[in-house]
Amino acid sequence: MDNANKNRKNEDSGRLDFIRAIVSEDLRTGKWDGRVVTRFPPEPNGYLHIGHAKSICLNFGIAAEFGGRCHLRFDDTNPEKEEQEYVDSIIEDVRWLGWDWGEHLYFGSDYFEKMYEYAVRLIEKGKAYVCDLNAEQTREYRGTLTRPGKDSPYRSRTVEENLDLFERMRKGEFPDGSRTLRAKIDMAHPNLNMRDPVMYRIVHADHHRTGDKWCIYPMYDWAHGLEDSIEQVTHSICTLEFENHRPLYDWFLDELGAYHPQQIEFARLNLTYTVMSKRKLLRLVQAGHVSGWDDPRMPTICGLRRRGYSPQAIREFARRIGVNKFNSTVGIALLEHCLREDLNRTSPRVMAVLRPLKVVIDNYPEAKVIELQAVNNPEDPAAGTRKVPFSRELYIEREDFMEEPPKKFFRLAPGREVRLRYAYFVKCVDAVKDADGNIVELHCTYDPATRGGDAPDGRKVKATLHWVSAQHALDAEVRLYDNLFTKENPDEVGDGGDFAANLNPNSLEVLKSCKVEPSLAGAEPLSRFQFERLGYFCADPDSAKERPIFNRTVTLRDTWARIQKAQELG
RNA sequence: UGGGGAAUAGUGUAACGGUAGCACGACUGACUCUGGAUCAGUUAGUCAAGGUUCGAAUCCUUGUUCCCCAGCCA
């Protein structure tokens with residue numbers, strides 16, 4: 001059994017998370033007649049991020065595991081913030097993550113007529129009324145956390161008057177904000193959500209799907225439970241901040257005598273070194289701190305995709321973080337671990353030099369070019385091999401040579417022999433410097449007997465270097481990314497500052513004169529590779545045929561970097 | 001100050017009255033034609049104080065700390 005399976009077995013032998021435990025128990029008792037119906041209900045007012053991925057994997061995952069279904073439903077009840085562009089991106093992202101909702105794509109706005117009818121029923125029942133208080137007055141009447149509110153002067157209107165007024169609200173007879181429809185519950189309720197919450201507000205705005213058909217729009221609390229009810233959802237899973245809203249969710253459906261799903265709340269995801277709120281992400285985009293929603297430094301799904309993340313890595317991450325009712329912050333290291341785990345299995349290896357240093361093999365014939373066989377993926381024999389050209393002039397990584405190597409530096413140095421991967425043993429005989437003392441070129445000799453990388457006499461080298469043949473190399477741009485923020489918690493700032501103060505000025509480094517092996521010509525946008533010894537990279541959609549651009553997804557685990565760091569510290 | 005939630009190694013999570021386990025991280029070592037991967041090992045925890053019990057992370061009491069709520073946002 002390999003390690004991943006062993007881990008999975010250990011983890012899965014434990015109990016289900018608390019939500020799955022509820023679903024499992026409901027299935028056992030037949031509470032929902034054996035049905036499991038969940039839903040992922042985004043508002044189409046922004047792009048999805050890794051936090052949404054947690055919710056998506058939870059909802060679609062539960063449906064898949066328990067033989068149920070999961071709806072993708074757009075909670076589009078606020079025409080002023082929502083746009084078709086977001087609908088499209090959300091559909092693309094959920095699909096990219098690998099989930100399927102079959103026929104079950106829904107829009108809250110498709111239920112507006114039904115919601116209106118339900119509202120009429122509530123009015124007829126004497127449980128809702130049209131209120132003429134404006135927004136500010138409504139707030140004043142609501143009271144505070146510690147002081148009860150007081151009844152609206154319009155609370156005791158007759159059913160007939162309410163019916164008439166509500167119908168005229170719908171017809172557009174009143175200006176924005178002039179009236180609302182409110183539930184009649186209890187203005188002294190300790191839960192502020194129960195103090196006669198607004199059900200409808202008047203907004204004369206075009207909706208991205210219903211156009212100008214409506215000028216009254218339902219509030220979240222009124223709409224959401226009805227959407228769940230209409231779709232016969234069994235488990236309505238949402239984040240912790242809606243816990244305070246559950247009594248209202250229940251109240252509406254109970255008063256209506258409608259089908260009544262169970263709302264269950266879980267803690268949203270927080271990740272170190274990043275921000276997750278829509279507001280903050282929007283600000284990063286608008287202030288130009290990143291190039292857009294799909295900037296590879298963004299925790300958005302489209303950003304992660306462009307960075308080179310695989311759906312499998314994100315799903316595995318979502319599985320491992322679990323689900324709970326208390327706030328926690330997961331280390332970005334776990335996400336990166338899941339990433340490397342998947343990419344190591346699946347990425348073809350390739351050689352690329354980020355900071356080139358020219359090497360001349362003095363004893364190698366001028367015009368001779370040979371092709372060496374290289375393994376595409378040592379983790380996957382089926383990936384096969386490829387030919388890599390070798391010639392007299394090569395590029396190696398600048399940092400793979402040191403004139404005065406410190407202890408534990410195993411790579412190239414004057415007089416030292418190393419292996420060029422899949423090629424030959426080479427020994428450094430000279431380092432050419434410019435007027436300023438910078439090393440501009442290395443001269444080496446090679447041992448023809450070591451072709452392929454092994455010495456017949458059995459001698460060993462301590463390092464293997466990646467390289468590319470100078471005359472065959474492709475020029476490329478490579479973008480190196482680091483955390484967007486310098487602090488684990490970007491919100492940790494001094495007085496007066498905000499998260500922008502913790503932006504990492506070095507989160508992006510662009511290398512414009514990289515040399516990559518010729519097989520990378522025409523790499524498909526978003527295709528993923530491992531650049532040997534460096535990390536995982538992903539072809540950026542900005543790539544041109546003759547000049548590819550690669551984003552560094554994540555580095556390889558780098559033991560030498562750690563040793564170096566330790567040496568610097570003393 | 002009212003109401004609603006929640007506290008287990010550095011981090012994330014199991015244990016539902018019976019040996020506090022797993023993963024990530026960090027650190028050792030083995031192996032290696034990637035200083036990758038892999039393998040072996042080390043590290044470190046029940047918010048606090050009482051109580052019930054043969055036995056408590058788990059049940060009870062009191063306290064502490066943290067999160068959410070006063071949009072005609074979701």
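Quantities reported herein were computed from a predicted structural model and do not represent experimental measurements. Chain naming here is simple, since letters A, B, ... match the order of the sequence lines and numbering starts at 1 in each.
The phosphate of B:rA37 has OP1 or OP2 within less than 4.0 Å of a side-chain N or O from A:Arg557. For A:Arg195 and B:rA70, the shortest distance from a side-chain N or O to OP1 or OP2 is not below 4.0 Å. In this structure, A:Arg246 does not reach the B:rG5 phosphate: none of its side-chain N or O atoms is under 4.0 Å from OP1 or OP2.
Residue A:Pro218 is in sugar-phosphate contact alone, with no base atom involved, counting any heavy-atom pair closer than 4.0 Å across all strands shown. A:Ile563 comes within contact range of at least one nucleobase, with a heavy-atom separation under 4.0 Å. Using a 4.0 Å heavy-atom cutoff across all strands shown, A:Asp176 reaches no nucleic acid atom at all. Residue A:Leu133 is in base contact, counting any heavy-atom pair closer than 4.0 Å across all strands shown. Within the nucleic acid shown, A:Asn244 comes within 4.0 Å of at least one base atom, counting heavy atoms only. At the heavy-atom level, A:Thr77 lies under 4.0 Å from the strands shown only through sugar-phosphate atoms. Nucleic acid contact for A:Arg421: base, since at least one base atom lies under 4.0 Å from a heavy atom of the residue. Using a 4.0 Å heavy-atom criterion, one finds that A:Glu243 contacts the sugar-phosphate atoms exclusively.
Rounded to the nearest 0.5 angstrom, A:Arg552 CZ and A:Phe531 CZ are separated by 11.0 Å.
In textbook terms, a nucleotide whose glycosidic angle is within 90° of 0 is syn, and B:rG71 is one such case.
For A:Gln564 against B:rG35, no side-chain N or O and base N or O form a donor-acceptor pair under 3.5 Å. Residue side chain A:Arg349 reaches the base of B:rU34 through a donor-acceptor N/O pair under 3.5 Å, judged by distance alone.
Comparing A:Ile202 and A:Arg147 by the nucleotide of RNA chain B whose heavy atom lies nearest to each, the residue mapping closer to the 5' end is A:Arg147. Both A:Ala135 and A:Val323 lie close to RNA chain B; mapped to their nearest nucleotides by heavy-atom distance, the more 5′-ward contact belongs to A:Val323.
Stacking between A:Trp560 and B:rG35 is present: the aromatic ring centre lies within less than 5.5 angstrom of the base six-membered ring centre, and the two planes differ by under 30 degrees. For B:rG35, the base is stacked against the aromatic ring of A:Phe410, per a cut-off of 5.5 Å between centres and 30° between planes.
For the C1' atoms, the distance linking B:rU46 with B:rA6 amounts to 15 Å, nearest Å. Rounded to a whole angstrom, the distance from the P atom of B:rC47 to that of B:rG12 is 14 Å. Comparing the C1' positions of B:rU8 and B:rA57 gives an interatomic distance of 7 Å, to the nearest angstrom.
As the counterpart of B:rU38, B:rA30 is assigned, both hydrogen-bonding distances of the Watson-Crick or G-U wobble pattern falling under 3.5 Å. Using the Watson-Crick or G-U wobble rule with both distances under 3.5 Å, B:rC22 pairs with B:rG12.
Residue A:Asn193 contributes atom CG, which lies 11 Å from atom P of B:rG71 at whole-angstrom precision. Put simply, CG on A:Asn324 is 14 Å from C1' on B:rU11, counting in whole angstrom units.
Side-chain atoms of A:Arg201 lie closest to B:rC73 of the nucleotides B:rA14, B:rG35, B:rC73.
In this structure, A:Arg349 forms no cation-pi arrangement with A:Phe529, as its terminal cationic atom is not both closer than 6.0 Å to the ring centre and no more than 45° off the ring axis.
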